[in-house]
Amino acid sequence: MTTFQFIRDNFRWLAAGVLLTFLSSFGQTYFISIFAGEIQSAFDLSHGDWGGIYFLGTMVSGMLMIWAGSSADHFRVRVLAVSVMAALAVLCVVMSRIGAVWLLPVLVFGLRFTGQGMLSHIAVVAMARWFVRARGKAISYAGLGFALGQAILPVVFVALMLQFHWQSLWLIAAGFLILCIPLLLWLLRAERVPADVSTSSDATGMSGRHWTRAEVLADWRFWGLIPIATLSSTFGTALFFQQVHMADVKGWSHVELVALFPIYTATLVVSGLFGGWAVDRWGSTRLLAVSQIPMAIGFVMLGISDSLFIAAIAFAIIGVGGGAYATIGASFWPEVYGTRSIGSIKALATALMVFGSAVGPAFTGWGIDLGVTFPDQMVGYAVYMVLVSLWTAYVTRRIRANITAPVAA
């Protein structure tokens, strides 16, 4: 089946995945951090204070994901996703009216849980369950929504802030979410297993069997993969979270910095699509360990250079790693542990991702308050990324011996 035929035959399901990942942007760090300067100014918060609030709200959302993520095993996508979209819209409305600092952790929790957590989780679980041999390809296409959100929303909303009060922009986000609900219902009005998938809705993992969440938690290899599972979310989140601070330290305007994000997104898209093809050809376990090396290279470049040109190259390289990991990492869990309980198992991975995204802003914010700028921290983080990649190579070698190729179409 050609790429055109695959997209044509499965357009509704793939488009629903793209829509869900795009809408998750309103709970993603690259969107929330657009307002970091305004939030810190409005509530007189230091970098550490804001990072701590973000840490608290995000950590609690990650804990809830462990339980709530299993709902993707029991509810249809259109039912669960619409409920989450409506909740996210309500939270955006409340954000537009916030006047008390004590509400910030609550709203950060809600935005992170519904947006970053549940909407992205629902989209990836749906692709993993609906597609078997084309799983990598399907996940990479659905992931285009993340890329579109990163490319479009920061630039648009930073520009809008020049004309409108920052809180008014959250009403625009809420309205857009509500308008997208009918579109999602239309795309999934015939929600079923689409073309080019297995005749059974479940595909096995290691040792040719279906793993339960309890069995996964008892598997040392799962715990050994925590460093790589949290790497991208920890430092990728920190990079976007500290965008206002980085622009200030480097002597760039905020608009100049966010103008580089589409470069990141372009390589993210290309790398993600290539990653989907590579996963379907070689399997995610052969690719996972090397997926984060580009981020290490990009962090070194951003850390040591004040040139916008070098920064553009660095963002392009980081995008290569981000796109590769987004597809490879999402494909990894169903390949290793099967799809029968993928909602609850993937919820563990999503929770780890959320925990990482909580630690990154808090840790880097505290470092900034101690006088170490984020660019000065970046080379050390790059060394850690390389060490994690070496450890992951060892763990995945132990996994591959127990993987059997899928036989379903």
Side-chain angles (χ1 to χ4, degrees), residues 24-69 71 84 87-121 166-167 169-170 173-174 226-227 229-246 347-374 377 381 384:
S24 78
S25 297
F26 297 112
Q28 299 279 6
T29 298
Y30 54 77
F31 183 79
I32 298 173
S33 61
I34 293 170
F35 307 95
E38 283 70 21
I39 291 172
Q40 288 178 247
S41 177
F43 298 105
D44 192 25
L45 301 173
S46 70
H47 290 288
D49 293 335
W50 172 227
I53 288 172
Y54 205 78
F55 171 82
L56 177 63
T58 304
M59 282 294 288
V60 176
S61 74
M63 293 176 187
L64 184 58
M65 273 302 305
I66 296 175
W67 169 78
S71 60
V84 175
L88 180 55
V90 170
L91 289 163
C92 289
V93 172
V94 177
M95 192 69 174
S96 74
R97 308 296 298 172
I98 185 173
V101 69
W102 65 267
L103 270 175
L104 267 180
V106 178
L107 287 175
V108 169
F109 154 73
L111 292 169
R112 302 291 277 158
F113 172 70
T114 55
Q116 181 208 25
M118 285 301 293
L119 285 184
S120 59
H121 175 70
W166 68 273
Q167 286 183 281
L169 301 183
W170 285 97
I226 287 179
T230 56
L231 198 66
S232 182
S233 61
T234 299
F235 299 109
T237 298
L239 175 62
F240 286 100
F241 186 83
Q242 303 296 357
Q243 60 183 266
V244 175
H245 163 76
M246 174 175 282
L348 296 174
T350 302
L352 290 174
M353 178 267 292
V354 173
F355 291 154
S357 68
V359 171
F363 190 79
T364 55
W366 294 330
I368 292 168
D369 282 355
L370 291 173
V372 184
T373 68
F374 180 61
Q377 300 173 35
Y381 298 148
Y384 173 73

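Values below: every heavy atom of this structure, side chains too, minus hydrogens, waters and symmetry copies.
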- Item | From CE (M63) to OG1 (T58), nearest 0.5 Å | 11.0 Å
- Query: Is the backbone N or O of V372 less than 3.5 Å from a side-chain atom of Q377, with the two atoms forming a donor-acceptor pair by type?
  - Reply: yes
- So, the side chain of S96 versus the backbone of V93: is there a donor-acceptor pair under 3.5 Å, distance only? yes
- Compare all side-chain heavy atoms of V94 with those of V106 and state whether any distance is below 4.5 angstrom. no
- Task: Indicate the atoms forming the closest heavy-atom contact of S24 with S120, along with that distance.
- Result: CB-N, 4.1 Å
- Message: Check this for me: F43, atom CZ, are more than 12 non-hydrogen atoms of other residues, nucleotides or ligands nearer than 6.0 Å?
- Response: yes
- Item | Least distance between heavy atoms, A174 atom then A89 atom | CB-O, 3.4 Å
- T114 side, atom OG1; L91 side, atom CG - distance, nearest 0.5 Å: 5.0 Å
- If every non-hydrogen atom of S46 is compared with every non-hydrogen atom of D369, which pair is closest and at what distance? OG-OD2, 3.2 Å
- Tightest non-hydrogen contact, residues A173 and C92, listed as CB-SG, 4.1 Å
- Kindly assign one of parallel, tilted or perpendicular to the pair F109 and F113, based on the angle between their ring planes and the thresholds 30° and 60°. parallel
- Query: At what distance, to the nearest 0.5 angstrom, does CD of Q116 lie from CZ of F31?
  - Reply: 14.5 Å
- Could you state the interatomic distance from CG (L104) to CD1 (I39), rounded to the nearest 0.5 Å? 6.0 Å
- Smallest separation among heavy atoms of L88 and G115, with atom names: CD2-CA, 4.1 Å
- Item | Main-chain N/O of P227 paired to T230 side chain as donor or acceptor, under 3.5 Å | yes
- Task: Quick one: list whatever passes side chain to side chain contact (heavy atoms under 4.5 Å, CB included) with I32, sequence neighbours left out.
- Result: W50, Y54, L111, R112, W170
- Once the angle between the rings of Y381 and F374 is folded into 0 to 90°, is it parallel (under 30°), tilted (30 to 60°) or perpendicular (over 60°)? tilted
- Query: Of the non-hydrogen atoms in I226 and L352, which two are nearest, and what is the gap between them?
  - Reply: CG1-CD1, 3.9 Å
Exercise answer: donor-acceptor pairs, residues 235-242 side-chain atoms, under 3.5 Å, sequence neighbours excluded:
residue, atom, partner, partner atom, Å
T237, OG1, S233, O, 2.5
Q242, NE2, T364, OG1, 3.0

- Message: Go through it in stages, so that I can follow the logic: the residues are L348 and I66, the test is side-chain contact (heavy atoms from CB on, under 4.5 Å), and I'd like the CA-CA distance, side-chain angles, deciding distance and then a yes or no.
- Response: CA-CA 5 Å; L348 296 174; I66 296 175; 4.0 Å; yes
- Can you find a pair of side-chain heavy atoms, one from E38 and one from Q167, that are under 4.5 Å apart? no
- Query: For the side chain of S33 and the backbone of A36, is there at least one donor-acceptor N/O pair under 3.5 Å apart?
  - Reply: no
- Task: State, with a plain yes or no, whether a side-chain heavy atom of L64 is found less than 4.5 Å away from one of M118.
- Result: no
